[in-house]
There are 2 protein chains.
Amino acid sequence: MAAADQPGKAPARSKRADALRNQQALLTAAAEVFVASGVDAPVREIAARAGVGMGTIYRHFPTRADLVVAVYRHQVEACAEAGPRLLAEAPSPFEALRGWVDLFVDFLVTKHGLAEALRSDGGFEALHAYFLERLVPVCAELLGAAAGAGEIRPGTGAYELMRGIGNLCAGRGDDPDYDPRRLVGLLLRGLRRSPEA
Amino acid sequence: MAAADQPGKAPARSKRADALRNQQALLTAAAEVFVASGVDAPVREIAARAGVGMGTIYRHFPTRADLVVAVYRHQVEACAEAGPRLLAEAPSPFEALRGWVDLFVDFLVTKHGLAEALRSDGGFEALHAYFLERLVPVCAELLGAAAGAGEIRPGTGAYELMRGIGNLCAGRGDDPDYDPRRLVGLLLRGLRRSPEA
DNA sequence: AACGATACGGAGCACTGTTCCGTTTTGTCA
DNA sequence: TGACAAAACGGAACAGTGCTCCGTATCGTT
């Protein structure tokens, strides 16, 4: 359902040279276009910038979500791996959770339009699925640790929290009167068992 | 910039009879289509259901936001008017705020797609503007009262809070693992000065 | 009844996503 | 090296949007 054959970075797998070259070109072009115009940029624009035809882009990345996933795979991976590390390093599970959430929020607000793509209503099911598959377990671990330490109230699931955070980060990021980080902070605070120091 | 001449409900103002009739038909049709297909339904569908042409719909409601505003005017108004009433009736300003937020959330989750339209990134600036113009002052009053009573921490603006709530309510509503109300509750709890009873 | 103002309708344009298939490139094998 | 089949390419073509434009019909008034 997702990316057919791990269209990751370097050696995709035993295919023709031109195919590999084009796949790489598409990844590069998509990354550029995404920062310039957001993840909703016209398919044609990406194809044109990569110097390939429409057929090629759809052959390599059947859905837009596949392309987005491929482009941001590294960062999602980094975010996933940061979870256990923070848990080990931070002074408390809740602090680890807070740190991880900061990372996640940074990631989302940095990529124009990513947060809205993350919600499930669009045609980005694959993206939604991948993000959640990879990150929900990490978040769940952090949440569980914090709950185990008695730092937060139970009852909120990792999926719910992540989607809430994603939602809070959606919309134009250049609004001086709307700071997603502040609201996410409030959300986390609402999760705490006792008030802040 | 918004609705040219208050395309409200009954007597719009000194215009031709057929124009009034069509405006009414459009409002009715739009309301029906909105519940069936969300506020993003194709313009043609609304026009067809109202039995009018494309030109007519655009003449009466230059932007989609104008139409949405006209359709939901009553409910927005009711929500706005509930603010002062709750403030007078509720046992405390914070409870009033909580009650009002519940109303707002109910409104948003009930109208498929309204919450996403509320964010500023789409072409719904007029909708965004109207909602905010009408409801932000109300929210600000509630927020101010609660802050004055020492029930919440200062520093969060009404606009920010409302947009956050709107964001939390966006996305498909039929997901059993995502309850906007719960998260909004968490947000409110994060706003409180001391923890819940 | 006639006539000017007002409003109507829908064809048409621009711009999307997506598919389809004739053509080109690549790698291999004689 | 020179076929040749498989793999991949490219972009025209189709379908579904939003929105505009202007010839035509309707309304209200004189």
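Lettering of chains follows the sequences in order, A, B, ..., and the numbering in each one begins at 1.
At a threshold of 4.0 angstrom between heavy atoms, the contacts of A:R59 include nucleobase atoms, whether or not backbone atoms are also involved.
The cationic group of B:R64 does not satisfy the cation-pi geometry with B:F124, failing either the under 6.0 Å distance to the six-membered ring centre or the 45° limit from the ring axis.
A:Q75 is linked by a side chain to side chain donor-acceptor pair (under 3.5 Å) to A:K111, counting only residues two or more places apart in sequence or in another chain. With sequence neighbours left out, A:A158 forms a side chain to side chain contact (heavy atoms under 4.5 Å, CB included) with A:V136, A:C139, A:A140, A:L143. With sequence neighbours excluded, no residue forms a salt bridge (Lys or Arg N to Asp or Glu O under 4.0 Å) with A:R59. A search for side chain to side chain contact (heavy atoms under 4.5 Å, CB included) contacts involving A:R49 returns A:A29, A:E32, A:V33, not counting sequence neighbours. Listed by chain and number, the residues in a side chain to side chain donor-acceptor pair (under 3.5 Å) with A:E89 amount to none (sequence neighbours excluded). Every residue two or more places apart in sequence or in another chain that forms a side chain to side chain donor-acceptor pair (under 3.5 Å) with B:S92 is listed here: B:E151. A search for side chain to side chain donor-acceptor pair (under 3.5 Å) contacts involving B:E133 returns nothing, not counting sequence neighbours.
If you check C:dT26, D:dT20, C:dG17 against the side chain of B:M54, the one that comes closest is D:dT20. When distances run from any side-chain atom of B:A17 to the nucleotides D:dT26, D:dG28, C:dG10, the shortest one goes to D:dG28.
Remark: A:N22 is not in phosphate contact with D:dA8, judged by side-chain N or O atoms under 4.0 Å from OP1 or OP2. The side chain of B:R21 contributes no N or O atom lying less than 4.0 Å from OP1 or OP2 of C:dA7. Within the structure, a side-chain polar atom (N or O) of B:T56 is placed less than 4.0 Å from OP1 or OP2 of C:dG9. Dashed line: the shortest gap from a side-chain N or O of A:H60 to OP1 or OP2 of D:dC9 is under 4.0 Å.
Applying a 4.0 Å cut-off to non-hydrogen atoms, the residues of residues 45-52 of chain A that approach DNA chain D are A:G51, A:V52, listed by residue number. A heavy atom closer than 4.0 Å to some atom of DNA chain C occurs in B:R44, these being the qualifying members of residues 28-44 of chain B.
Rounded to an integer number of Å, the gap from A:Q24 CD to D:dA8 P is 16 Å. Taking atom OH of B:Y58 as the reference point, atom C1' of D:dC22 lies 17 Å away to the nearest angstrom. We find that CG of A:L67 is positioned 15 Å from C1' of C:dT18, with the value rounded to whole Å. B:D18 has its CG atom 6 Å from the C1' atom of C:dA7, to the nearest Å. Counting to the nearest Å, the P atom of D:dT17 and the CD1 atom of B:I57 are 14 Å from each other.
Side-chain contact annotation: B:Y130 with B:R134, donor-acceptor N/O pair under 3.5 Å absent.
Counting only distance, with no hydrogens or angles, the side chain of A:D66 and the backbone of A:T63 share a donor-acceptor pair below 3.5 Å.
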Which side-chain N or O atoms in residues 178-187 of chain B pair as donor and acceptor under 3.5 Å with protein atoms at least two apart or in another chain?
unit_1	atom_1	unit_2	atom_2	d
B:Y178	OH	A:N167	ND2	2.9
B:Y178	OH	B:L168	O	2.8
B:D179	OD1	B:R181	N	3.0
B:R181	NH1	B:D106	OD1	2.2
B:R182	NE	A:E160	OE1	3.0
B:R182	NH1	A:G155	O	2.9
B:R182	NH2	A:G155	O	3.3

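Here the side chains of A:V43 and A:M54 are in contact, with some heavy-atom distance below 4.5 Å.
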Pull out every protein N or O sitting under 3.5 Å from an N or O of nucleotides 4-6 of chain C, one pair per line with the distance.
unit_1	atom_1	unit_2	atom_2	d
C:dT6	O2	B:R16	NH1	2.1

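Between atom CG of residue B:L67 and atom NE2 of residue B:H60 there is a gap of 11.0 Å, rounded to the nearest 0.5 Å.
For the pair B:R163 and A:D177, the salt-bridge criterion is not met [side-chain N within less than 4.0 Å of a carboxylate O].
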### Task
Give DNA chain D the dot-bracket treatment, 5' to 3': Watson-Crick (N1-N3 with N6-O4 or O6-N4) or G-U (N1-O2, O6-N3) under 3.5 Å, [ ] crossing, | other strand.
||||||||||||||||||||||||||||||
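Map B:G55 and A:G53 each onto its nearest nucleotide of DNA chain D; the residue landing nearer the 5' end is A:G53.
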